[in-house]
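Remarks on the structure that follows.
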Amino acid sequence: KIKNLTKFAIAVKLKSNIDILQDILNGKIVSSTGLKHRGKGIPKIYNDFKEKNINNLHIIANNVYAKLNTGTYFELKHKLNGTFYYWEILPQ
C-alpha cells in the first residue's frame, strides 16, 4: 500500500503507476505496515537482476508492465489486482 501523499500525486497526475513501480524497485517506497520484514521482496528481486543472478525479469503490477531487460515500462488497459513476476535463472 502507498501513502496518502503518493495517492494524491497519482490522482492529480504528478506521478504515474510507472513512477511508483520504479520507486518500489529502487527501495524508495517502503512497506506501509512498518514491519521490518515487509517491503523487501521487489527491491531484492530487482537487485538480483542487476547483479545478473537472474535474467529476463518482467513484472506486472496494477496497470504497469515492466520488461526490465530493455528498461521498457508501459501502462496496460486493464488493472491486475496483485503482482506477477517472471524471471529466468541463468545456468551455472
Side-chain angles (χ1 to χ4, degrees):
K1 296 185 178 185
I2 56 177
K3 296 183 180 190
N4 287 335
L5 182 60
T6 305
K7 288 180 186 178
F8 175 76
I10 291 169
V12 297
K13 307 284 188 215
L14 294 175
K15 280 194 168 232
S16 69
N17 281 335
I18 291 173
D19 298 323
I20 301 303
L21 179 58
Q22 290 172 336
D23 286 350
I24 291 170
L25 288 169
N26 292 302
K28 293 179 182 176
I29 296 178
V30 296
S31 172
S32 64
T33 66
L35 300 173
K36 286 184 175 184
H37 66 280
R38 298 292 308 257
K40 295 182 175 25
I42 293 175
K44 170 72 172 107
I45 292 168
Y46 184 56
N47 192 52
D48 284 341
F49 168 73
K50 291 190 298 186
E51 291 179 356
K52 306 223 184 287
N53 295 323
I54 62 175
N55 190 30
N56 202 19
L57 177 61
H58 299 249
I59 300 174
I60 302 172
N62 295 318
N63 68 331
V64 177
Y65 179 97
K67 183 176 180 182
L68 283 298
N69 281 17
T70 62
T72 305
Y73 296 81
F74 59 89
E75 292 189 6
L76 303 170
K77 288 183 182 180
H78 302 286
K79 183 177 179 180
L80 172 72
N81 290 325
T83 305
F84 178 82
Y85 306 94
Y86 171 86
W87 68 81
E88 297 170 0
I89 299 173
L90 299 171
Q92 298 286 339

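What you see below is based on every heavy atom in this structure, not just the backbone, and it leaves out hydrogens, waters and symmetry mates.
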Between Asn56 and Glu88, does any side-chain donor sit less than 3.5 Å from a side-chain acceptor?
-> yes
So do His78 and Asn63 actually touch side chain to side chain, heavy atoms under 4.5 Å?
-> no
With rounding to the nearest 0.5 Å, note down the distance linking NZ in Lys67 to CZ in Phe74.
-> 9.0 Å
Answer with yes or no whether the hydrophobic clustering places Leu57 together with Ile89; edges join I, L, V, M, F, W, Y residues whose side-chain heavy atoms lie under 4.5 Å apart.
-> yes
Full working for side-chain contact (heavy atoms from CB on, under 4.5 Å) between Leu68 and Leu25 | CA-CA 10 Å; Leu68 283 298; Leu25 288 169; 4.0 Å; yes
Taking atom types as modelled, find out whether Asn47 and Glu51 have a side-chain donor-acceptor pair closer than 3.5 angstrom.
-> yes
So does Lys50 have more than 12 non-hydrogen atoms from other groups sitting under 6.0 Å from NZ?
-> yes
Give me the one residue out of Thr83, Leu80, Leu21 that meets side chain to side chain contact (heavy atoms under 4.5 Å, CB included) with Ile60.
-> Leu80
Between Ile59 and Tyr65, is a side-chain contact (heavy atoms from CB on, under 4.5 Å) present by the stated rule, with each step listed?
-> CA-CA 6 Å; Ile59 300 174; Tyr65 179 97; over 6 Å; no
Same cluster or not: are Ile54 and Tyr86 linked, directly or through other Ile, Leu, Val, Met, Phe, Trp or Tyr residues, by side-chain heavy atoms under 4.5 angstrom apart?
-> no
Give a yes or no answer on whether the side chain of Asp19 reaches the backbone of Ser16 with a donor-acceptor pair at less than 3.5 Å.
-> yes
Taking the side chain as every heavy atom from C-beta outward, state whether His58 and Trp87 have any atom pair closer than 4.5 Å.
-> no
Shared hydrophobic cluster, Tyr46 / Tyr85 (ILVMFWY, side-chain heavy atoms < 4.5 Å) = yes
